[in-house]
Every structure is written in structure tokens, then in C-alpha cells.
Amino acid sequence: MAFWLFKSEPSTWSWEDQLAKGDVGEEWDGIRNYQARNHMRTMKIGDKGFFYHSQKDKEIVGIVEVCAEVHPDSTTDDERWECVDIKAVAPLNAPVTLAQVKAEPRLADMVLANNTRLSVQPVTPAEWDIILELSGG
DNA sequence: GCCAACGTTGGC
DNA sequence: GCCAACGTTGGC
């Protein structure tokens with residue numbers, strides 16, 4: 001199983017919106033970036049991801065799970081763009097802020113701290129555990 | 001609100 | 001195929 005991080009601006013699609021969808025989940029649509037799409041192409045059902053609020057909050061707020069593998073993005077006719085579906089699993093005990101991530105030496109190489117614009121990112125198992133640790137376990 | 005980083009587009 | 005111009009994202 002692989003780990004990922006999904007970035008969203010809360011005014012567009014928030015963790016609360018995601019939670020409201022329950023186990024049905026929701027298309028992670030609107031991605032118009034090849035790197036992000038390529039990551040989604042490699043995702044499998046059951047992969048876990050962090051849900052990150054960009055812009056105002058800048059913090060990881062919850063855990064999601066891939067519940068449908070890659071398929072065409074329903075928000076466009078352009079066949080280049082595909083996406084997966086994700087569903088909320090649980091909120092973090094406490095949100096982990098970008099500042100916390102940047103202050104943690106073991107997370108110095110995390111994509112979140114280095115490539116601010118990539119909206120779908122891979123997370124290593126080690127990084128996953130450290131984030132959970134920072135959130136209070 | 002500004003600006004840096006980065007990706008995409010389009011002219012040549 | 002290169003590269004300048006432009007648009008978008010997201011941190012500060």
C-alpha cells in the first residue's frame with residue numbers, strides 16, 4: 001500500500017465537504033497537472049492519503065482512502081485528465097501545520113515542504129509515521 | 001496583496 | 001525544438 005497527500009483549498013473543497021460525503025467518497029477532479037495525474041494513475045484502492053488545507057490553514061487535517069482507481073475526470077471532455085475517488089477515513093487527532101513539517105528535520109525532504117505547487121504528492125511510509133506522531137498518535 | 005516558483009502555450 | 005510570455009498556485 002502506498003501513501004499520498006491531497007492538497008485542496010478549503011473554500012473550493014474542504015475536509016468538512018469530504019467528511020459529508022462519507023463512505024461514498026468523491027472524485028478528486030479538477031487536476032490539470034501531469035505530475036499530479038501520473039501519481040493518481042499509480043494509485044490502488046485502499047491506498048491512504050493525507051488531506052491538506054492550502055492557503056489559509058496550511059495544515060494536514062485528515063486521512064483519506066482511495067475508493068476508486070483512475071478514471072476520466074467528469075469535469076472535462078479533455079481525455080488527458082483523469083482522477084481517482086477518495087473517501088474520508090478519520091480526522092487527525094490534531095492538525096499538523098506546514099510550519100511543523102518544515103521545523104521537523106526528519107521531514108526536510110518531504111514534497112510538501114519543497115514543492116508547494118504540486119497538488120497530489122507521494123508520501124513515504126517514514127513520513128507518514130512522523131506526521132501521525134506529530135498529530136499526537 | 002505580492003511575488004516566487006513552476007507549468008503550459010505558442011511564435012519562430 | 002527552443003524559449004519567451006503568460007497564467008496559476010500557494011506561501012508569506
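A, B, ... follow the sequence lines: proteins, then strands. Residue 1 opens every chain.
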Colleague: Look for any protein N or O under 3.5 Å of an N or O in nucleotides 1-3 of chain C and output each such pair with its distance, or none.
Modeller:
none

Colleague: Side-chain donor-acceptor pair under 3.5 Å between A/D17 and A/S14, yes or no?
Modeller: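 Note: A/D17 and A/S14 side chains meet the donor-acceptor criterion.
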Colleague: I need a per-nucleotide contact map over nucleotides 6-12 of chain C, read 5' to 3'. Cutoff is protein heavy atoms under 4.0 Å; write B for the base, S for backbone only, - otherwise.
Modeller: -BBBBSS
Colleague: Is it the case that the side chain of A/D47 and the backbone of A/K44 share a donor-acceptor pair, with hydrogens and angles ignored and the cut-off at 3.5 Å?
Modeller: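 Checking the backbone N and O of A/K44 against the side chain of A/D47, a donor-acceptor pair under 3.5 Å is found.
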Colleague: Please check this pair: side chain of A/E69 against backbone of A/I45, looking for a donor-acceptor N/O pair closer than 3.5 Å.
Modeller: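 At least one qualifying donor-acceptor pair exists.
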Colleague: Less than 4.0 Å between a side-chain N and a carboxylate O, is that true for A/R37 and A/D73?
Modeller: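 Looking at A/D73 and A/R37, the cut-off is not met.
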Colleague: Could you pull out every donor-acceptor pair under 3.5 Å between side chains of residues 123-133 of chain A and any protein atom, sequence neighbours left out?
Modeller:
| unit_1 | atom_1 | unit_2 | atom_2 | d |
| --- | --- | --- | --- | --- |
| A/T124 | OG1 | A/E127 | N | 3.0 |
| A/T124 | OG1 | A/E127 | OE1 | 3.3 |
| A/E127 | OE1 | A/T124 | N | 3.0 |
| A/E133 | OE2 | A/R106 | NH2 | 3.0 |

Colleague: Using modelled atom types only, decide if a donor and an acceptor are shared between the side chain of A/H53 and the backbone of A/S8 within a distance under 3.5 Å.
Modeller: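 A pair under 3.5 Å: no.
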Colleague: If we ignore hydrogens and angles and just use 3.5 Å, is the side chain of A/E82 paired with the main-chain N or O of A/E79 as donor and acceptor?
Modeller: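 Answer holds: no.
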